[in-house]
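To keep things clear, I will list the structure first and then write my remarks on it.
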Amino acid sequence: MKRLLALLIMLMMVLPVFAEEEDEWSIWDVIDIDTEEITEAAPIETPAPETAELTAREDFINRIITLGEQLYIGANGKSQRAHYKEDIYVCKNFTVYLFNKNRDDFCMAEYPDVKLRVPNNLPSAKCKPYYYGFYWEDIDAEDGNPFYEAAAFRYDTKLSKEENMALAMDFMRQVQRGDYFQMSAKYEYGTGAHSAIMMGYDAEKDEIHWLDSNMRGGKRNGIRYGLVQYDEVKSVEWWASTFCVKGRGATLFRLRDDIAYRED
């Protein structure tokens with residue numbers, strides 16, 4: 001009996017422990033990466049303002065997406081370090097970085113003197129009974145939050161899997177260019193929270209276009225590296241399947257209509 005107990009203790013020490021709480025800032029998986037794929041992206045300058053006739057809101061979104069494209073080009077298909085909480089290629093850090101690099105020229109017309117900000121993800125303890133990853137902290141516009149919740153999906157255990165999937169797909173069809181997307185996923189790329197910026201919904205093909213960092217990646221020598229993606233395309237059904245899981249869901253956060261240019 002003592003030998004059996006000792007064996008069980010040894011197994012507990014070497015086997016991975018799966019906790020209920022999930023990582024609060026990234027998706028992790030077990031894909032391995034070759035050393036040649038690991039590099040640092042070349043420095044990228046913030047893109048110059050658009051000269052075409054655009055609303056301030058459209059210009060802000062274009063600048064965010066353009067900078068994302070430039071970081072994607074700079075990475076040149078190579079994995080970027082996305083391990084430490086300060087690394088900009090961690091998924092949420094990436095979307096916030098693109099926002100912060102472009103926000104200083106913009107404001108909300110209702111609160112012209114308030115600096116714009118992206119709310120942090122809500123801590124795990126406050127997300128229950130759902131997993132961490134698709135709720136934001138409740139920050140008022142007067143405190144700098146220029147987003148509102150445009151659409152949301154929460155897996156409903158009172159409904160069938162098929163009914164939930166239909167709702168999840170309807171949710172994804174509400175995607176608009178510039179939406180900030182949050183989800184808690186369980187799919188081929190990993191399990192946990194992920195952030196992305198949506199580039200649009202193609203109704204004819206029922207597909208979603210987006211950009212992000214660290215959805216796909218892996219570890220090398222214990223350090224996480226993630227790929228930067230730009231104008232990636234997947235079907236609405238694929239997207240819905242990633243978060244149409246018990247305890248999980250997704251949210252679309254959209255910029256307010258009163259985004260304006262900040263006056264000097």
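Panel note: side chain Asp156, backbone Lys158; a donor-acceptor pair is recorded below 3.5 Å. Within the 3.5 Å criterion, the main-chain N or O of Leu255 finds a donor-acceptor partner in the side chain of Arg57. Between the Tyr130 side chain and the Tyr155 main chain, a donor and an acceptor come within less than 3.5 Å of each other. Under a 3.5 Å cut-off, the side chain of Lys126 and the backbone N or O of Tyr135 do not form any donor-acceptor pair.
Asp206 meets the salt bridge (charged side-chain N to carboxylate O under 4.0 Å, His left out) test with Arg173; sequence neighbours excluded. Partners of Leu227 under the side-chain contact (heavy atoms from CB on, under 4.5 Å) rule, at least two apart in sequence or in another chain, are Ser79, Arg216. The ring pair (Phe, Tyr, Trp, His ring centres under 6.0 Å) check on Phe60 picks up Phe99, Phe106, with sequence neighbours excluded. Applying the salt bridge (charged side-chain N to carboxylate O under 4.0 Å, His left out) test to Glu137 and every residue at least two apart in sequence or in another chain returns nothing. Among residues two or more places apart in sequence or in another chain, the side-chain contact (heavy atoms from CB on, under 4.5 Å) test is passed with Asn100 by Val96, Arg103. Scored by the side-chain contact (heavy atoms from CB on, under 4.5 Å) test, Ala166 finds no partners at all (sequence neighbours excluded). Taking the ring pair (Phe, Tyr, Trp, His ring centres under 6.0 Å) definition, one finds that Tyr111 meets it with nothing, sequence neighbours left out. Remark: Asp179 pairs with Arg254 by the salt bridge (charged side-chain N to carboxylate O under 4.0 Å, His left out) rule, at least two apart or across chains. For Arg262, there are no salt bridge (charged side-chain N to carboxylate O under 4.0 Å, His left out) partners at least two apart in sequence or on another chain. With sequence neighbours left out, the side-chain contact (heavy atoms from CB on, under 4.5 Å) criterion links Lys205 to Asp202, Glu207.
Closest heavy-atom contact between Phe153 and Asn164: CE1-O, 3.3 Å. Among all heavy-atom pairs drawn from Ala151 and Gln174, the shortest one is CB-OE1, 3.5 Å. Nearest heavy atom pair, residue Ala193 against residue Cys91, reads O-SG, 4.2 Å. Nearest approach of Met169 to Ala240, heavy atoms of both residues: CG-CB, 3.6 Å. The shortest heavy-atom contact between Val228 and Tyr72 is O-CD1, 3.3 Å. When every heavy atom of Tyr132 is checked against every heavy atom of Asn121, the shortest pair comes out as OH-ND2, 3.1 Å.
Linking Ile, Leu, Val, Met, Phe, Trp and Tyr whenever their side-chain heavy atoms come within less than 4.5 Å puts Leu167 and Met165 in one cluster. Tyr189 and Met198 fall within the same hydrophobic cluster, where Ile, Leu, Val, Met, Phe, Trp and Tyr residues are linked whenever their side-chain heavy atoms come under 4.5 Å apart, directly or through other members. In the hydrophobic cluster analysis, where Ile, Leu, Val, Met, Phe, Trp and Tyr join through side-chain heavy atoms closer than 4.5 angstrom, Tyr148 is grouped apart from Met108.
Considering only heavy atoms from C-beta on, Ile197 comes within 4.5 Å of Ile64 through its side chain. Here the side chains of Ile65 and Leu211 are in contact, with some heavy-atom distance below 4.5 Å.
Note: Asn214 CG to Gln229 CD = 9.5 Å, rounded to the nearest 0.5 Å.
The one candidate from Trp136, Tyr180, Phe181, Phe147 that meets the ring pair (Phe, Tyr, Trp, His ring centres under 6.0 Å) condition with Phe253 is Trp136.
One side chain, Ser160 or Glu163, offers a donor N or O that lies under 3.5 Å from an acceptor on the other. No hydrogens or angles considered: nothing links the side chains of Arg256 and Asn145 as a donor-acceptor pair under 3.5 Å.
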Exercise. Going through the checks in order, is the side chain to side chain donor-acceptor pair (under 3.5 Å) test met by Thr251 and Arg154?
Worked result: CA-CA 9 Å; Thr251 311; Arg154 312 290 184 251; 3.0 Å; yes
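Listed by first and then second residue, the ring pair (Phe, Tyr, Trp, His ring centres under 6.0 Å) pairs that reach into residues 157-178 are Phe171-Phe243, sequence neighbours excluded. Applying the ring pair (Phe, Tyr, Trp, His ring centres under 6.0 Å) test to every pair with at least one member in residues 195-222, sequence neighbours left out, gives these pairs: Trp210-Trp239.
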